[in-house]
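Before we start, here is the structure in question, set down as structure tokens.
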Amino acid sequence: MSEEATSRKLTELAKRRGYFFQSSSVYGGVGGFYTFGPQGASLKGHLEDAWRERFSVQEGNMEIDAPTIMPEPVFESSGHLDTFDDMLVDCPECGESHRADHVVEDATDHEDAEGLPIPEVEAIIAEYELVCPSCGAGLAGQAVDDFNLMFATNIGPGDAQPGYMRPETAQGIFVEFPRLKAYARNTLPFGVTQIGRAYRNEISPRRSIIRTREFTQAELEQFVDPAGEGPDCSSVADVPVRLYPIAEQQEDDGEIVETTIGAALEDGVIADPWIAYYLGVAREWYETVGVDMDRFRFRQHLPGERSHYASDCWDAESEIDGHWIEIAGFAHRGDYDLSKHAEGSGERFTVFRQYDEPQIVERATVDPDMSYLGPEFGGDAGAVVGALEDLAATDRSAFDGEVVEIDLEGETHAIPVEHTGFSVDEETIAGEHVTPHVIEPSFGVDRLLYTVLHHAYREDEVDGEARTYLALEPEVAPTFVGVFPLQGDAALEAQARDIVAGLRAAGLAVTYDDSGNIGRRYRRQDEVGTPFCVTVDYESLEDEAVTVRERDSTAQARIPIADLAETLTALRAGERSFAELE
RNA sequence: GCGCGGUUGGUCUAGUGGUAGGACAUAAGCUUCCCAAGCUUAUAGCCCGGGUUCAAUUCCCGGACCGCGCACCA
């Protein structure tokens with residue numbers, strides 16, 4: 001079975017069984033938008049719940065939920081308005097599309113064509129008679145198109161307040177940093193998570209739900225003190241990982257390095273301990289939700305590949321269709337975002353770091369006697385005060401004599417020191433304001449869901465009959481247990497419905513099915529990945545026990561109805577294995 | 001955005017200038033009963049717009065969408 005065949009079968013299964021499908025297709029559909037059906041919405045919810053539990057709850061981080069539309073200044077500061085904006089020019093001969101700014105930069109002295117207005121770029125192309133990099137045809141006179149990957153909108157009536165659909169959930173966290181750090185009681189490190197939708201007006205959405213225009217991210221912004229210690233990595237030191245670092249990618253025969261988090265950190269393959277820590281946590285977590293570790297690796301971004309904000313970045317990649325796709329990114333964003341928002345908003349995006357020991361410093365200050373300076377200097381009095389303050393900070397010896405001399409617009413003035421209020425005092429400095437650095441593990445939920453389905457897809461034979469099933473982890477499977485009466489019989493149906501009610505009351509996701517023969521019902525549940533089925537037969541009416549059947553092995557075990565909820569709950573939690581029930 | 005290929009019930013697919021057939025699935029009934037059994041019946045389809053034609057699901061043009069390649073993926 002080729003990988004492409006799996007993709008086709010999975011897409012068909014996803015449509016037919018309600019995992020995901022093209023959105024708005026009754027109106028012809030729209031590219032890059034998918035609806036998650038009943039099974040898909042449940043699976044996605046379970047994946048999000050599992051992520052929240054691991055990365056928010058277990059890490060002691062805080063989760064927020066920010067708007068998907070934000071006003072223009074947010075994206076002016078974040079850089080998305082400029083760098084998310086491409087200029088494209090089409091070749092009239094071969095039809096190839098090229099980045100106009102790159103064409104200009106490659107062939108002329110202009111180094112920052114991206115910042116130029118479009119008419120100017122068009123003029124440069126005409127002036128230099130630039131040609132298509134692919135076929136050499138002249139590009140002069142071709143229109144340069146402006147394309148920003150953010151969806152634009154207007155907030156309120158008219159166009160006075162432009163806004164954009166967020167292209168990543170991260171900005172919703174960054175802009176609220178001043179308030180969030182207060183919730184963290186002004187102490188680093190702390191982490192903030194968010195699970196939500198993000199939007200990118202992709203030129204060409206492709207490959208099912210791998211690249212869409214609306215997608216779900218689960219992001220964690222870990223705010224750390226740049227001079228602080230890293231996290232305790234001992235819990236992840238022994239986690240085995242497959243790494244594809246820059247050095248290996250640049251080799252002709254570069255290979256994936258099999259190592260552990262601890263060793264990679266020690267060898268410097270992973271530079272930052274926070275990145276290392278979260279790579280370890282992520283690797284363990286991915287395995288619990290059903291990512292095949294034989295088709296999983298961490299790949300480091302090449303220098304030219306990194307985002308405008310990142311100093312280092314590792315991607316988690318899963319193998320699908322024989323291709324590696326990015327399912328998470330772990331970026332070191334430095335203080336880029338917080339500094340930019342501090343600059344853009346004028347607010348303070350720092351945390352006060354207390355010194356272990358307060359520092360005592362001598363500080364020379366002035367407290368000028370304005371009743372003297374005012375009459376003496378009139379309108380220049382303010383400037384004189386400024387000059388005195390500067391002088392006190394830079395050259396306190398100037399105040400040693402009876403008078404102090406200052407320069408004001410080329411003229412020298414002598415001011416009696418007694419009127420300057422000059423003094424040298426000891427000042428206690430308890431700490432300093434630091435702009436935190438940001439470590440950002442950013443997960444693509446849709447791509448994870450696709451990976452989990454792909455890695456769970458199985459075909460086998462049961463009693464000579466072909467079978468398709470999804471070997472989903474019980475924790476994330478949309479339906480946990482199917483309950484069937486062995487045949488259409490009022491007594492069996494009544495007991496089966498009692499069992500359904502009991503299992504639902506115990507918090508399990510249950511489906512009831514009395515249609516068709518028992519084998520057909522097993523196959524239905526196999527195909528959507530339900531891990532267990534319970535069948536009520538005539539003996540059940542006598543002995544108050546039912547048959548529990550496991551999806552992957554099709555093995556069966558007889559369980560008393562009284563123990564059913566408890567047994568199934570233990571199976572879901574992984575506290576018991578099915579084999580020990582048989 | 002460019003190039004190539006494609007679009008027929010829920011899904012997969014056959015076929016045609018005179019509006020379509022199958023398989024699976026679904027529903028009802030009979031029968032059977034622990035792994036997709038059988039019989040009967042039912043529901044349900046030619047992506048959209050324009051052109052050519054007496055007549056277009058079919059031919060032509062445009063569009064939407066899907067797949068692949070290029071470009072793009074901050």
Original post:
What integer number of Å spans the C1' atoms of B:G38 and B:U32?
Top reply: 9 Å
Original post:
Across all strands shown, which nucleotide pairs with B:A64 by Watson-Crick or G-U wobble geometry, both distances under 3.5 Å?
Top reply: B:U7
Original post:
Quick one: are A:Asp460 and A:Tyr469 in side-chain contact, heavy atoms under 4.5 Å?
Top reply: yes
**OP:** Ignoring hydrogens and angles, answer whether the base of B:C48 and the side-chain atoms of A:Tyr27 contain a donor-acceptor pair closer than 3.5 Å.
**Re:** no
Original post:
Using purine N1 to pyrimidine N3 plus N6-O4 or O6-N4 for Watson-Crick, or N1-O2 and O6-N3 for G-U wobble, each under 3.5 Å, what pairs with B:U26?
Top reply: B:A42
**OP:** Give a yes or no on whether a donor-acceptor pair under 3.5 Å exists between the nucleobase atoms of B:C72, that is its base, and the side chain of A:Arg211.
**Re:** yes
Original post:
If we take the P atom in both B:A37 and B:A27, what is their distance in whole Å?
Top reply: 14 Å
**OP:** Could you work out which one of B:C33, B:C70, B:A74 sits closest to the side chain of A:Glu168?
**Re:** B:A74
**OP:** Hey, which sits more toward the 5' end of RNA chain B by its nearest nucleotide, A:Tyr34 or A:Glu550?
**Re:** A:Glu550
Subject >> Whole-Å gap separating C1' (B:C72) and CG (A:Leu149) >> reply: 8 Å
Original post:
If the P atom of B:G50 is compared with that of B:G69, how far apart are they to the nearest Å?
Top reply: 35 Å
Original post:
Which is true for A:Asp537 with a 4.0 Å heavy-atom rule: it touches a base, it touches only sugar-phosphate, or it touches nothing?
Top reply: base
Original post:
Does any nucleotide pair with B:C54 by Watson-Crick or G-U wobble geometry, both distances under 3.5 Å, and what is it?
Top reply: B:G18
**OP:** Could you give the distance separating B:C66 and B:C60 at their P atoms, to the nearest angstrom?
**Re:** 23 Å
Original post:
Between B:C4 and B:U8, how far is it from one C1' atom to the other, in whole Å?
Top reply: 23 Å
Original post:
Do the rings of A:Phe480 and A:Phe532 sit parallel, tilted or perpendicular, given the 30° and 60° boundaries?
Top reply: perpendicular
**OP:** Between B:C61 and B:U52, how far apart are the C1' atoms? Round to whole Å, please.
**Re:** 11 Å
**OP:** Using only side-chain N and O atoms of A:Asn517, determine if any of them is under 4.0 Å from OP1 or OP2 of B:A37.
**Re:** yes
Subject >> A:Glu465 side chain, from C-beta outward: closest of B:G1, B:C66, B:A36 >> reply: B:A36
Original post:
Among B:C65, B:C70, B:A74, which is the nearest nucleotide to the side chain of A:Arg206?
Top reply: B:C70
Original post:
Side chains of A:Pro436 and A:Phe177: does their closest heavy-atom pair fall under 4.5 Å?
Top reply: yes
Subject >> Check: A:His454 and A:Ser7 side chains under 4.5 Å, non-hydrogen atoms >> reply: yes
Subject >> Pair assignment for B:C70, Watson-Crick or G-U wobble, requiring both distances under 3.5 Å >> reply: B:G1
**OP:** Kindly indicate, with the supporting measurements, whether the criterion side-chain hydrogen bond (donor to acceptor under 3.5 Å, both in side chains) is fulfilled by A:Gln249 and A:Arg299.
**Re:** CA-CA 9 Å; A:Gln249 291 174 60; A:Arg299 187 180 69 84; 3.0 Å; yes
**OP:** Could you let me know what B:U32 is paired to, Watson-Crick or G-U wobble, both distances under 3.5 Å, or none if it's on its own?
**Re:** none
Subject >> Nearest heavy-atom neighbours spanning A:Phe484 and A:Asp513 >> reply: CD2-O, 3.4 Å
Subject >> Whole-angstrom distance between B:A44 and B:A20, as gauged at atom P >> reply: 15 Å
**OP:** Can you label the angle between the A:Tyr286 ring and the A:Phe296 ring as parallel, tilted or perpendicular, going by 30° and 60°?
**Re:** tilted
Subject >> Whole-angstrom distance between B:U53 and B:A64, as gauged at atom P >> reply: 28 Å
Original post:
Just wondering, do A:Thr554 and A:Arg549 contact through their side chains at under 4.5 Å, heavy atoms?
Top reply: yes
Original post:
Touch check for A:Ser208, heavy atoms < 4.0 angstrom, all strands: base, sugar-phosphate only, or nothing?
Top reply: sugar-phosphate
Subject >> Touch class at under 4.0 angstrom, heavy-atom based, for A:Gly32 against every strand present >> reply: sugar-phosphate
Subject >> Rounded distance (Å) that lies between atom P of B:G1 and atom CG of A:Asn148 >> reply: 16 Å
Original post:
Of the nucleotides B:A74, B:C35, B:A71, which has the atom closest to the A:His80 side chain?
Top reply: B:A74
**OP:** Measure the distance from CG on A:Asp489 to P on B:U31 and round it to the nearest whole Å.
**Re:** 13 Å
**OP:** Mind checking A:Gln487 for me? I need base, sugar-phosphate or nothing, with any heavy atom below 4.0 Å counting as a touch.
**Re:** base
**OP:** Would you tell me if any nitrogen or oxygen in the side chain of A:Lys15 comes within less than 4.0 Å of OP1 or OP2 on B:C12?
**Re:** yes
**OP:** Provide, to the nearest angstrom, the distance between the CZ atom belonging to A:Phe20 and the C1' atom belonging to B:U11.
**Re:** 14 Å
Original post:
CZ of A:Arg207 versus P of B:C68: gap in Å, rounded?
Top reply: 7 Å
Subject >> Under 3.5 Å: donor-acceptor pair, side chain of A:Gln194, backbone of A:Ala66 >> reply: yes
Original post:
Could you state the CD-P distance from A:Glu12 to B:G67, rounded to the nearest angstrom?
Top reply: 15 Å
Original post:
Paired with B:A37 by Watson-Crick or G-U wobble geometry, both distances under 3.5 Å: which nucleotide is it?
Top reply: none
Original post:
Checking only heavy atoms, does the side chain of A:Arg549 share a donor-acceptor pair with the base of B:C35 at less than 3.5 Å?
Top reply: yes
**OP:** Just jot down the ring-ring contact (aromatic ring centres under 6.0 Å, His included) partners of A:Tyr512, sequence neighbours excluded, or say none.
**Re:** none
Original post:
Within this structure, what is the CG-to-P distance between A:Asn201 and B:A71, rounded to whole angstrom?
Top reply: 21 Å
**OP:** Assess whether one donor atom and one acceptor atom, taken from the side chain of A:Glu202 and the base of B:C73, lie less than 3.5 Å apart.
**Re:** no
Original post:
Hey, what's the ring geometry for A:Phe223 with A:Phe174, parallel, tilted or perpendicular (30° and 60° as the breaks)?
Top reply: perpendicular
Please list, pair by pair, any protein nitrogen or oxygen found under 3.5 Å from a nitrogen or oxygen in nucleotides 22-26 of chain B.
| unit_1 | atom_1 | unit_2 | atom_2 | d |
| --- | --- | --- | --- | --- |
| B:A25 | OP1 | A:Arg520 | NH1 | 2.8 |
| B:U26 | OP1 | A:Arg524 | NE | 2.5 |
| B:U26 | OP1 | A:Arg524 | NH2 | 2.4 |
| B:U26 | OP2 | A:Arg520 | NH1 | 3.4 |

Original post:
What is the distance from CG of A:Leu492 to P of B:C34, rounded to the nearest Å?
Top reply: 12 Å
Original post:
If you look at every strand shown and take non-hydrogen atoms under 4.0 Å, does A:Glu326 touch a base, only sugar-phosphate, or nothing?
Top reply: nothing
**OP:** Check whether the side chain of A:Thr547 and the base of B:C34 form a donor-acceptor pair under 3.5 Å.
**Re:** yes
